[in-house]
There are 2 protein chains.
Amino acid sequence: MDDLDAQILRHLGGDARLSLAVLARRLKVARSTVQARLERLESTGVIAGYTLKLGEAARASRLQATVLLTIDLRIQAQIVTRLKAIAGVERIMSTSGRVDLLLQIAAPSPVELDRILDAVGEMAGVRSSESFIHLTTKLDRTV
Amino acid sequence: MDDLDAQILRHLGGDARLSLAVLARRLKVARSTVQARLERLESTGVIAGYTLKLGEAARASRLQATVLLTIDLRIQAQIVTRLKAIAGVERIMSTSGRVDLLLQIAAPSPVELDRILDAVGEMAGVRSSESFIHLTTKLDRTV
DNA sequence: ATGATTTTCGTCATTATGACGATATTTTCG
DNA sequence: CGAAAATATCGTCATAATGACGAAAATCAT
């Protein structure tokens, strides 16, 4: 993970569909160098994959929410497994702090979001849940 | 936004570096059709961009945190502007619920993370802040 | 220093891209 | 309904990018 790797990550973080050839010209190295570097970054698990960022036009039909959960930690693994089985659950993180798990949820409609939030809140082992519905995204420069 | 568009989004969501040609073969339409569709999805703002997902190998050297803020809503715009100026702030969302803003923060070290959290917490107009440091990512199928 | 290992480079055959005119399909409205 | 207009899809060029791989350069260990 030297400077060249970092630059590759930064450029692809900005536009993951950049061609190897263009990237190589920008970084002023041979195309095959970038190709080798990228293969290594992928195979060593530095890069987990490539995805797209939806714009406002698409987010309009997508309600999102963040949920804080405190749970019975003895059955955390079980809870995580059951959360994964819910389609709208997009991210699950364990945290240090007042809560144990942090979820990010997406649903196509308020009704559906409500259904998911209920399902999560009433799951066995979930002691408390608090949810925050996303209104507008003011910034998103997620890597 | 018909079914073909949705399929294009789904495939590129899974792997944003798929070539147009491969994508077209998978969807069994002409490559130029996918090309035209994709150009439209991009120009109409359905797709905001393409980015990469970092794997555990890269996340190891990246501390992340979620922060809940209640603020003086009269100067929300100003606060958002100042938050954007902080390098580690990756996402800012306004929310309905007990808090006003939800931040996602990333830093290369605990010291740096602490510095950012302090800077945010002591910002003028911020009434209260609560932060949750991410320990492990149990699931990430963010679109 | 020198042999081993890793990294970078150049190049070939194959495949993908951008551009665009030609069909086909859908929409509009008399 | 049915013809004109507008969209969408397709096929096909010339150009560019990719994957593969051997050769040259740089780095590392002893």
Side-chain angles (χ1 to χ4, degrees), chain A residues 1-62 106 108-109 140-143, chain B residues 1-63 106-109 140-143:
Chain A
M1 266 293 286
D2 61 359
D3 186 56
L4 184 54
D5 281 338
Q7 278 191 298
I8 291 173
L9 289 181
R10 200 152 42 73
H11 277 83
L12 289 180
D15 177 8
R17 280 184 71 80
L18 271 180
S19 75
L20 290 181
V22 170
L23 190 50
R25 283 198 289 270
R26 290 219 187 138
L27 303 181
K28 303 203 192 305
V29 295
R31 196 256 310 168
S32 33
T33 299
V34 177
Q35 187 178 3
R37 293 290 193 120
L38 195 55
E39 272 163 19
R40 194 158 54 77
L41 288 170
E42 288 171 355
S43 66
T44 57
V46 175
I47 293 177
Y50 307 91
T51 189
L52 50 78
K53 286 199 289 194
L54 294 178
E56 279 305 329
R59 269 198 289 254
S61 56
R62 245 174 73 96
S109 70
D140 189 352
R141 56 184 169 213
T142 307
V143 184
Chain B
M1 266 293 284
D2 61 0
D3 186 57
L4 184 55
D5 281 338
Q7 279 191 297
I8 291 173
L9 290 182
R10 200 152 41 75
H11 277 83
L12 289 179
D15 177 7
R17 280 184 73 79
L18 272 180
S19 76
L20 290 182
V22 170
L23 190 50
R25 283 199 289 269
R26 291 218 186 139
L27 303 181
K28 303 205 192 303
V29 294
R31 195 258 309 170
S32 32
T33 300
V34 177
Q35 185 178 5
R37 293 289 192 122
L38 194 56
E39 272 164 17
R40 195 158 52 80
L41 288 170
E42 288 171 354
S43 67
T44 58
V46 174
I47 293 176
Y50 306 91
T51 188
L52 50 79
K53 285 197 289 192
L54 293 178
E56 280 303 330
R59 268 197 291 255
S61 56
R62 246 174 71 96
L63 267 174
S109 71
D140 190 349
R141 57 184 169 215
T142 307
V143 185

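Quick note on labels: first sequence line is chain A, next is B, and so on, each numbered from 1. Below, all heavy atoms of this structure are taken into account, side chains as well, without hydrogens, waters or symmetry copies.
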Given [options], the nucleotide with the shortest approach to the side chain of [X]:
X       : options               : result
B/Thr33 : D/dG19, D/dT9, C/dA16 : D/dT9
B/Ala21 : C/dC9, D/dG19, C/dT17 : C/dT17
A/Ala36 : C/dA16, C/dT8, D/dC10 : C/dT8

Atom pair distance, as rounded to whole Å: [atom1] in [X] and [atom2] in [N]:
X       : N      : atom1 : atom2 : answer
B/Arg25 : D/dT9  : CZ    : C1'   : 18 Å
B/Arg31 : D/dT12 : CZ    : P     : 12 Å
A/Leu23 : D/dT18 : CG    : C1'   : 14 Å
A/Asp2  : C/dT6  : CG    : P     : 16 Å
A/Asp5  : C/dT7  : CG    : P     : 9 Å
B/Leu27 : D/dC10 : CG    : C1'   : 15 Å
A/Leu4  : D/dT27 : CG    : P     : 13 Å
A/Gln35 : D/dA20 : CD    : P     : 8 Å

Provide the closest heavy-atom pair for [X] versus [Y] in the form atom of the first, atom of the second, distance.
X        : Y       : result
B/Asp140 : B/Lys53 : O-NZ, 3.8 Å
A/Arg59  : A/Leu54 : NH1-O, 3.3 Å
A/Thr51  : B/Gly13 : OG1-O, 3.0 Å
B/Leu12  : B/Leu38 : CD1-CD1, 3.6 Å
B/Val22  : B/Leu18 : CG1-CD2, 3.9 Å

May I ask you to decide if B/Val29's main-chain N or O and B/Thr33's side chain share a donor-acceptor pair within less than 3.5 Å? no
Minimum side-chain heavy-atom gap A/Leu20-B/Arg17 below 4.5 Å: yes
Selection: residues 38-51 of chain A, any non-hydrogen atom under 4.0 Å of DNA chain D: none
With a cut-off of less than 4.0 Å, is there a side-chain N or O of A/Arg37 near OP1 or OP2 of C/dT8? yes
Do the side-chain N or O atoms of A/Ser32 get closer than 4.0 angstrom to the phosphate oxygens (OP1, OP2) of C/dG10? no
Give none if C/dG30 has no partner; otherwise give the nucleotide forming a Watson-Crick or G-U wobble pair with it, both distances under 3.5 Å. D/dC1
